[in-house]
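Given the structure is predicted, the values throughout are model-derived calculations rather than measurements.
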Amino acid sequence: MKLAPRLAVLLAAVVVTACAPQTSDNSSSDKDDQSGTLRVWLFQEVGNKPKEKVVDSVVAAFEKAHKDTKVDVEYIPVETRAQRVKAAFNDPKSAPDLMEFGNTDTAGYVKDGGLLDVTKEFGAWSESKDTDPTAKQSVTVDGKIYGTPFYVGVRALYYRTDVFKALGLEVPKNMAELAATARTIRAARPDLYGLVVGGAYMYGAMPFVWANGGELATGKGGSYASAIDSAAAQKGIKAYTSLFGDDNCPAAKCASMGGNDTITAFAAGKAGMAIGGDFSHTAVEAGKVKGEYAVVPLPGVKSGSIAPAFAGGNNIGVLKSTSHRTLAVDLMEQLASKKTQASLFDAMGFLPTFADVRQQAAAKEPYVKPFAQTLAAGTKFVPASPAWSQIDSSLVLPTMFQEIISGKKDVAAASKDAAKKMDQAFGSAG
């Protein structure tokens with residue numbers, strides 16, 4: 001099974017900063033120290049130990065090759081990244097030399113002047129030639145390259161095979177059946193969430209919007225207008241928020257949940273279904289449901305269709321403020337190399353960003369299939385605007401969902417307010 005063409009769209013979403021061990025001339029620091037301590041921020045995953053093991057191996061090899069250099073790795077919560085990164089940009093002395101970040105953050109970070117331009121380094125890096133072409137496009141801002149992909153990801157539907165068998169249920173073929181199946185599970189097994197959902201889980205919610213024909217925004221080239229309050233988007237918002245209730249996932253418990261929370265609940269055997277990524281595989285395998293679950297693409301509105309998934313992925317970047325830019329670029333390459341990405345796939349299930357490594361991964365592990373099918377069906381991404389980081393960090397969409405779930409506002413009012421906030425951000429971004 002070949003994944004390269006199927007993942008092309010996904011990779012258009014991926015953004016980062018990586019490089020070769022050559023000196024860049026756009027650092028805001030006048031120093032390029034060849035020794036000392038390199039600080040690295042990576043995201044903390046659900047079940048982080050396997051990731052740490054891979055990274056520790058890379059760090060050990062790097063320190064061995066650079067005798068007078070030490071690497072200090074800190075794993076930070078994804079949810080608080082906006083505050084941490086903002087502080088780092090404002091105070092370079094507290095900033096790391098390298099950091100992992102989501103592909104939705106790149107345009108904003110480039111606008112803020114936080115990332116190092118690595119156009120020349122990326123071109124000189126021998127492995128970059130095997131990066132998916134759309135990945136290269138996605139790390140390009142105004143003709144300059146600011147990174148290299150770390151891994152890619154997409155979400156699908158995890159479900160409990162033992163629960164489905166015991167209750168005589170069939171795998172849902174459309175979103176209406178998905179909701180009905182969730183409520184059937186909850187009614188028969190009150191100790192379980194039917195389909196565990198989260199009010200703060202935007203990328204679990206958006207497939208419902210997209211499947212119903214809605215969009216986050218319209219426009220291109222930096223000029224966007226929110227579309228979250230359109231009739232189609234409102235239909236999808238209603239479909240998702242209707243899943244919060246005592247008949248499926250009680251609002252009191254589920255309104256504040258994020259993506260990691262929902263996967264943790266599913267892995268712990270507390271839910272019949274969950275929307276999770278290929279990157280969630282290791283955590284689920286390590287949970288109580290091991291051997292009693294399966295994964296299929298999240299169904300769309302029409303039977304047999306697949307709901308558009310968010311084209312996700314994480315990246316690693318060198319900060320412009322680094323005083324160790326040559327070393328930082330070298331370490332970046334090692335962390336994003338083919339060898340490391342292959343190891344991260346084996347350890348965490350992270351899909352590689354190199355076409356050849358991805359093909360090898362797909363041939364090795366059958367569980368990749370539903371995610372590849374999801375990618376082949378077409379994925380979506382957030383607006384390619386620096387305003388997105390502001391919209392994301394301001395929790396505009398999670399707030400919208402939570403206002404509806406709590407009954408504070410109806411779908412029309414909440415989506416209209418969210419659209420206004422989005423448009424203000426787009427306007428301020430220029």
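Between the side chain of T282 and the main chain of M348, a donor-acceptor pair closer than 3.5 Å is present. At least one donor-acceptor pair under 3.5 Å links the side chain of D32 to the backbone N or O of T326. Checking side-chain atoms of Q402 against main-chain N and O of A255 turns up a donor-acceptor pair under 3.5 Å. Between the R81 side chain and the V78 main chain, a donor and an acceptor come within less than 3.5 Å of each other.
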Are Y224 and F426 close enough, and set up right, to give a ring-ring contact (aromatic ring centres under 6.0 Å, His included), and what steps lead you there?
CA-CA 6 Å; Y224 287 91; F426 289 135; 5.7 Å; yes
Should E215 and K380 be marked as a salt bridge (charged side-chain N to carboxylate O under 4.0 Å, His left out) after you check the CA-CA gap, both sets of side-chain angles, and the distance that decides it?
CA-CA 9 Å; E215 297 288 350; K380 295 278 191 176; 2.7 Å; yes
Are Y109 and F101 close enough, and set up right, to give a ring-ring contact (aromatic ring centres under 6.0 Å, His included), and what steps lead you there?
CA-CA 10 Å; Y109 289 172; F101 53 93; 5.6 Å; yes
Could you please spell out the steps behind the salt bridge (charged side-chain N to carboxylate O under 4.0 Å, His left out) verdict for E74 and R84?
CA-CA 12 Å; E74 180 182 357; R84 293 290 299 271; 3.1 Å; yes
Under the criterion side-chain contact (heavy atoms from CB on, under 4.5 Å), I'd like the reasoning laid out for Q341 against F350: C-alpha separation, chi angles, the key distance, then a yes or no.
CA-CA 8 Å; Q341 290 196 19; F350 293 168; over 6 Å; no
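Side-chain contact of N48 with E52: a donor-acceptor pair under 3.5 Å is present, judged by distance alone. Side-chain contact check for N174 and S303: at least one donor-acceptor pair (N or O, by modelled atom type) lies under 3.5 Å.
Ring orientation note: the planes of F62 and H66 are tilted relative to one another, at an angle of 30° to 60°. Ring geometry for F310 against W210 counts as parallel: the plane angle stays under 30°, on a 0 to 90° scale with 60° as the upper cut. Using bins of under 30°, 30° to 60° and over 60° for the plane-to-plane angle, the ring pair F354/W125 lands in the perpendicular bin. Between Y367 and H281, the ring-plane angle classifies as parallel under the 30° and 60° cut-offs.
Minimum interatomic distance between N248 and L243 (heavy atoms only, all atoms of both residues): ND2-O, 2.8 Å.
Atom OH of residue Y293 and atom OH of residue Y158 lie 6.0 Å apart, to the nearest 0.5 angstrom.
F164 and Y159 have their aromatic ring centers within a separation under 6.0 angstrom.
In summary, E292 and K165 do not engage in a salt bridge, as defined by a charged side-chain N under 4.0 Å from a carboxylate O.
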